Every structure is written in structure tokens, then in C-alpha cells.
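A short write-up of the structure that comes next.
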Amino acid sequence: MTAECLVCKTPVEPFLDFGQMPSANAYLTADEFANEYSFNLAVGFCEECLMVQLIDTNSATNMFHQDYAFYSSTSKHMQQHFADFAKTIQRDYLTDKDSFVVEIGSNDGIMLKNFAIEGISHLGVEPSHNVAQVAIAQNMDVLVDFFYQATAEKIIAERGKADVICAANVIGHISDIHSVLSGVSCLLKPKGVFIFEHPYLIDNLTKTAYDQIYDEHIFYYSVHSVKNLFKVHGLELIDLSHQNVHGGSMRYVLAHEGELTATETVMQQLSFEVEVGIDQLKTYQQFAQNVARSKQELLNLVRELKSQGKRIVGYGATAKSSTVINYCGLTPDDIDYIVDNTPAKQNKYTPGAHIPIKAPEEFYADYPDYAILFAWNHANEIMAKEQEFVQNDGQWISFVPQVKICLENICLV
Ligand code: SAH
Ligand code: TYD
Ligand code: ZN
């Protein structure tokens with residue numbers, strides 16, 4: 001299957017094809033099994049603009065709606081991360097008392113609330129009604145809608161232009177990225193900045209974190225692809241900083257071309273990316289081989305433990321786990337259930353494999369022998385609070401960066 005690059009229209013071939021996969025955040029009830037959506041999950045690399053991207057995509061309204069399952073504030077570590085992120089933005093870019101900040105994909109208000117508390121004029125744009133409602137209930141200003149060019153025009157008419165537009169874990173989720181960026185470009189004041197974070201492609205590659213690949217993740221950004229994409233909209237990459245969240249993310253700062261001076265860091269990271277072959281198809285072909293090996297190793301381990309009669313559960317019904325479970329062909333015979341602290345996911349089933357999701361109380365009541373850490377990006381937070389599992393002879397299994405049983409309660413990523 002060949003597709004047109006969503007950025008520059010060059011033909012793109014898949015370098016990795018997982019076959020038919022469900023929508024990763026579509027947890028379901030038993031009566032919904034018969035009508036489950038699926039699509040061909042495959043990723044390609046555009047040799048022209050260097051964007052890594054999905055070949056086939058799910059529709060935005062199928063993924064983001066009134067029952068969106070991911071609530072950002074389920075992680076305390078992420079709450080702290082966004083409090084720090086908001087503080088940095090305020091200190092560096094919201095220095096005027098009338099400053100106005102817009103957040104794209106504000107979810108339950110995990111970042112936005114920090115601006116609201118400081119009395120900063122703010123607006124979240126969030127299409128998933130249920131999560132937006134959590135923020136609205138706490139008196140945050142939220143427009144329940146998708147952010148596109150037309151949304152930006154509406155905001156300008158009603159609230160004026162923004163000093164800062166920020167976004168986390170959403171700029172890779174929107175296939176009509178050109179409409180988003182032309183909206184950003186017109187909504188931003190001449191000296192304004194657009195700041196966004198996203199899992200970093202190099203971390204995905206080096207950690208064989210293929211579970212980051214699922215329907216919501218349409219684009220897999222490198223500094224190269226960000227630079228090329230934003231240039232089309234007159235936006236220049238002026239700064240970046242690596243963040244230790246979601247398994248390794250990059251924070252990008254963009255400004256109108258020629259308005260602000262770029263730091264040395266941008267050039268340095270571009271050189272580093274060339275050294276590790278970010279511009280070479282063979283880098284991605286190697287990744288695909290690593291993914292196939294990782295699958296085999298996880299299957300071997302699970303089958304070996306099951307043959308010894310061990311009880312295995314999953315920890316964290318993450319969107320990422322959908323790709324691992326369905327690609328590896330794991331079933332409820334392998335994994336009894338997955339424990340998750342999100343009420344909206346509990347007592348539903350995972351997409352595709354239909355593994356039951358349970359509240360933490362089930363886990364505490366009768367610890368299993370092993371827990372596969374599907375939320376490996378939250379390893380520190382989870383392991384710190386689940387000491388008792390290990391004290392009861394439970395062991396953690398991780399598959400990023402390698403498939404292994406973790407010793408001494410540490411799954412370093
Ligand atoms: N920023 C949060 C949420 C990330 S999940 C965090 O980092 O934890 C992605 C969010 O983006 C979802 O809440 C989804 O509803 C929202 N979203 C998806 N498409 C969007 C669009 N076009 N405009 C604004 N938000 C969008
Ligand atoms: P996350 O890895 O943040 O994202 P994604 O779904 O995009 O892969 O999801 C973490 C999931 O793990 C979420 O459903 C909440 C759950 N979770 C727990 O159950 N307990 C915890 O202590 C933490 C931090 C998360
Ligand atoms: Zn391209």
C-alpha cells in the first residue's frame with residue numbers, strides 16, 4: 001500500500017505494517033464486540049520532508065468525541081510536569097499582565113489550570129466533550145471544538161491574538177496539520193511563540209518503543225520534520241529541550257520567521273539527528289527488524305511463564321498497549337486482566353484482544369505472579385506506589401527498551 005505524504009504529497013511506502021488494528025483508546029463493552037472498528041496500522045517515512053507518519057488514518061471524530069477515554073490527570077507525575085511547564089511559559093513568555101495563552105488539546109485542564117490559578121487570560125481548545133467538561137467545571141475557559149484554521153479565526157474575532165499557543169501530545173494527532181498550522185500562524189501575535197511537546201522519534205527508535213504507534217499518533221516528529229513542516233507556514237524553530245516524559249519527548253518553540261533569534265541547540269540537535277540516520281530509510285528498516293524481535297521475545301517470555309502456571313496481569317490500560325497486545329497476539333488466556341485507575345476504562349475490555357480492565361482494588365485483593373508494565377513511561381510513579389506487590393513476590397515485566405523481568409523493583413527506561 002502506498003500513500004501520499006500528509007505534509008508534502010510525495011508517495012510514501014510503509015516500512016512497518018502491523019496489519020488490521022482497532023482504535024487504541026476504544027475500550028468497549030461485551031455487546032460492542034461485534035461492531036468493532038479496525039484499520040490497517042502501518043508507518044512510512046517520507047524521503048522528501050522526512051516526516052514519519054501513518055499510511056492509513058482513522059477519522060478525528062471516531063477518535064475524539066464525548067466519551068474520550070484518556071484523562072491527562074491520572075498521573076501525578078504528569079500533573080507536576082505540566083505545572084512546571086506552565087511556570088516556564090509564564091516566566092519566559094507571558095510577561096505582560098494582559099497576556100493571552102491558548103492551549104490546543106487541553107483535555108481535563110492538567111496544564112490550563114496552572115494559568116487559571118495565576119489569573120492569566122487563557123483558552124483551551126478541546127473537542128472531546130467529557131474531558132473538556134472536567135476543566136470547565138473547575139472554571140477554566142474552554143472552547144469545545146477541534147482546532148483548525150476556522151477555529152483560530154473565531155478566537156481572533158472573539159478574544160484577539162495570542163502571546164503563546166501551547167500544545168502537548170496533540171500536534172501529532174491531527175491529519176489536517178496544515179489547517180492547524182495556518183491557524184497557529186494567524187492566531188499568534190508577531191512576537192508570540194508556539195510551544196509544543198511530543199514523544200521524540202529518536203527515543204521511539206532507540207527504545208524500540210513501537211507501542212507509540214497507534215491510530216491517534218499520525219505523525220512521529222524529529223527536529224528535521226518539525227523544521228520542514230513549520231517552514232511552510234512561515235514559522236521558525238527557535239529552541240528545543242528534551243523532556244523526560246512519555247518515554248522521552250521533545251519540547252519545540254516556534255516563532256514567526258525572523259522575529260526571534262534561534263538558539264545553538266537547534267543546530268546541534270539537527271547535526272545529532274543526521275549522525276543517527278534520521279534522514280535515512282535504512283534507519284527505519286532496522287527499527288522494523290527490532291520490533292519483530294521484541295515481539296518474539298515478549299511472546300516467548302509470556303508463553304514460558306504460562307507453561308509454568310504463572311498468573312500474569314497488565315498494569316495500565318494505555319493506548320500504547322493496544323498495539324503491543326494485538327500485534328503480539330496476546331489474549332485473555334495470557335493476561336487475566338489489566339489494572340487501571342481511570343474509572344471510565346474500568347469494567348470495560350481492551351480493543352481487539354478484549355482483555356478485561358479492572359480497578360486497582362482487584363489487584364490489591366489477590367496479587368498475581370507477574371505484571372506487564374504497559375504504562376512503562378510512568379514506571380517510577382507506579383513502582384513507588386506498588387511496593388507491596390513486590391513484597392508479595394510479584395515481579396514486573398517490561399518490554400521497553402528490552403523485554404525483561406525487572407529486578408529489584410526497577411524498570412529503568
Ligand atoms: N494535552 C494533554 C492531552 C493529550 S491527548 C496531555 O498532554 O496530556 C490529545 C488531546 O487532544 C485529546 O484530549 C483530544 O481530544 C485533543 N484533540 C484531538 N484533536 C484535536 C484538535 N484538532 N484540536 C484540539 N484538540 C484536539
Ligand atoms: P499513558 O501512558 O499516559 O498514555 P497512553 O494511553 O496515551 O499510552 O496512560 C497511562 C494509563 O495508565 C492511564 O490509563 C492511567 C493509567 N495509570 C494507572 O492506572 N496508575 C498510575 O499510577 C498511572 C500513573 C497511570
Ligand atoms: Zn513529505
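Everything quoted here is computed from the prediction, not taken from an experiment. First listed ligand is number 1; within each ligand, the first listed atom is number 1. Numbering of residues begins at 1 and proceeds along the displayed sequence.
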Ring-ring centroid check [X] [Y], cutoff 6.0 Å:
| X | Y | result |
| --- | --- | --- |
| Phe15 | Phe45 | no |
| Phe230 | Phe196 | yes |
| His173 | His217 | yes |

Would you mind writing out a table of all protein N or O atoms found under 3.5 Å from any N or O atom of ligand 1, naming both atoms and giving the distance to 0.1 Å?
residue  : atom   : partner : partner atom : Å
ligand 1 : 1 (N)  : Gly105  : O            : 2.9
ligand 1 : 1 (N)  : Ala168  : O            : 2.9
ligand 1 : 7 (O)  : Ala168  : O            : 3.3
ligand 1 : 7 (O)  : Asn169  : ND2          : 2.8
ligand 1 : 8 (O)  : Ser72   : OG           : 2.7
ligand 1 : 13 (O) : Asn107  : ND2          : 3.1
ligand 1 : 13 (O) : Glu126  : OE1          : 2.7
ligand 1 : 13 (O) : Glu126  : OE2          : 3.1
ligand 1 : 15 (O) : Glu126  : OE2          : 2.5
ligand 1 : 15 (O) : Ser128  : OG           : 2.8
ligand 1 : 23 (N) : Phe147  : N            : 2.8
ligand 1 : 25 (N) : Gly105  : N            : 3.4

Under a plain distance cut-off of 3.5 Å, with no hydrogens placed, do [Y] and [X] share a side-chain donor-acceptor pair?
| X | Y | result |
| --- | --- | --- |
| Thr29 | Glu32 | yes |
| Thr88 | Arg251 | no |
| Tyr221 | Glu197 | no |
| Glu273 | Gln269 | no |
| His246 | Asp203 | no |
| Tyr71 | Asn130 | yes |

N or O pair under 3.5 Å between [X] and ligand 2:
| X | answer |
| --- | --- |
| Asn341 | yes |
| Glu381 | no |
| Ala319 | yes |

Check: Between Met78 and ligand 2, which part of the residue brings a heavy atom under 4.0 Å of the ligand: side chain, backbone, both or neither?
Finding: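 Neither; no heavy atom under 4.0 Å.
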
Note to self: Can you confirm whether Lys9 is buried at NZ, in the sense that more than 12 heavy atoms of other residues, nucleotides or ligands lie under 6.0 Å from that atom?
What the structure shows: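 No, because the 6.0 Å sphere around NZ of Lys9 holds 12 heavy atoms or fewer from other groups.
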
Check: Is the count of non-hydrogen atoms from other residues, nucleotides or ligands lying under 6.0 Å from Asp31 atom CG greater than 12?
Finding: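 Enclosed.
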
Next item on the list: Determine the minimum heavy-atom distance between Gly314 and Ile335, stating which atoms define it.
Entry: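 Smallest heavy-atom distance, with atoms named: N-CG2, 3.5 Å.
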
Please compare [options] and report which has the shortest non-hydrogen distance to [atom].
| atom | options | answer |
| --- | --- | --- |
| atom 11 (C) of ligand 2 | Asn377, Thr318, Thr74 | Thr318 |
| atom 7 (O) of ligand 2 | Tyr27, Tyr214, Phe70, Phe374 | Tyr214 |
| atom 13 (C) of ligand 2 | Asp340, Asn169, Ile357 | Asp340 |
| atom 14 (O) of ligand 2 | Gln212, Lys345, Glu216 | Lys345 |

Margin query: Distances under 2.8 Å only: what protein N/O/S atoms are near the Zn ion (ligand 3), ordered by chain and residue?
Written below: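 Within the sphere that stays under 2.8 Å of the Zn ion (ligand 3), the protein atoms of type N, O or S are Cys5 SG, Cys8 SG, Cys46 SG, Cys49 SG.
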
Margin query: Suppose I only count heavy atoms of Lys385 and a 4.0 Å limit; which atoms of ligand 2 are within that range?
Written below: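 Answer for ligand 2: 20 (N), 21 (C), 22 (O).
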
Next item on the list: Within a distance under 4.0 Å of any heavy atom of His246, pick out the atoms of ligand 2 and give their elements.
Entry: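 Answer for ligand 2: 3 (O).
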
Next item on the list: For Trp376 and ligand 2, answer yes if some heavy atom of the residue is under 4.0 Å from a ligand atom, otherwise no.
Entry: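 No, that is not the case, since the closest heavy atom of the residue is not under 4.0 Å from the ligand.
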
Next item on the list: Under the side-chain hydrogen bond (donor to acceptor under 3.5 Å, both in side chains) rule, collect the residues that match up with Ser73, sequence neighbours excluded.
Entry: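 Scan of Ser73 (side-chain hydrogen bond (donor to acceptor under 3.5 Å, both in side chains), adjacent residues dropped) gives Asp108.
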
Next item on the list: Specify the protein heavy atom at minimum distance from atom 3 (O) of ligand 2: its residue, its atom name, and the distance to 0.1 Å.
Entry: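 For this ligand atom, the closest protein heavy atom is His378 NE2, 2.9 Å.
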
Notebook entry, point to check: Nearest protein heavy-atom contact for atom 8 (O) of ligand 2: which residue, which atom, what distance?
Noted result: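 Among all protein heavy atoms, the one nearest atom 8 (O) of ligand 2 is Lys320 NZ, 2.7 Å.
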
Less than 3.5 Å apart, which donor and acceptor atoms pair up between the side chains of residues 231-239 and the rest of the protein, not counting sequence neighbours?
residue : atom : partner : partner atom : Å
His233  : NE2  : His178  : ND1          : 2.8
Glu236  : OE1  : Gly258  : N            : 3.1
Asp239  : OD1  : Thr263  : OG1          : 2.9

Notebook entry, point to check: Knowing that exactly one of Phe374, Tyr337, Phe363 qualifies, which makes a ring-ring contact (aromatic ring centres under 6.0 Å, His included) with Tyr315?
Noted result: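 Of the listed residues Phe374, Tyr337, Phe363, the ring-ring contact (aromatic ring centres under 6.0 Å, His included) partner of Tyr315 is Phe363.
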
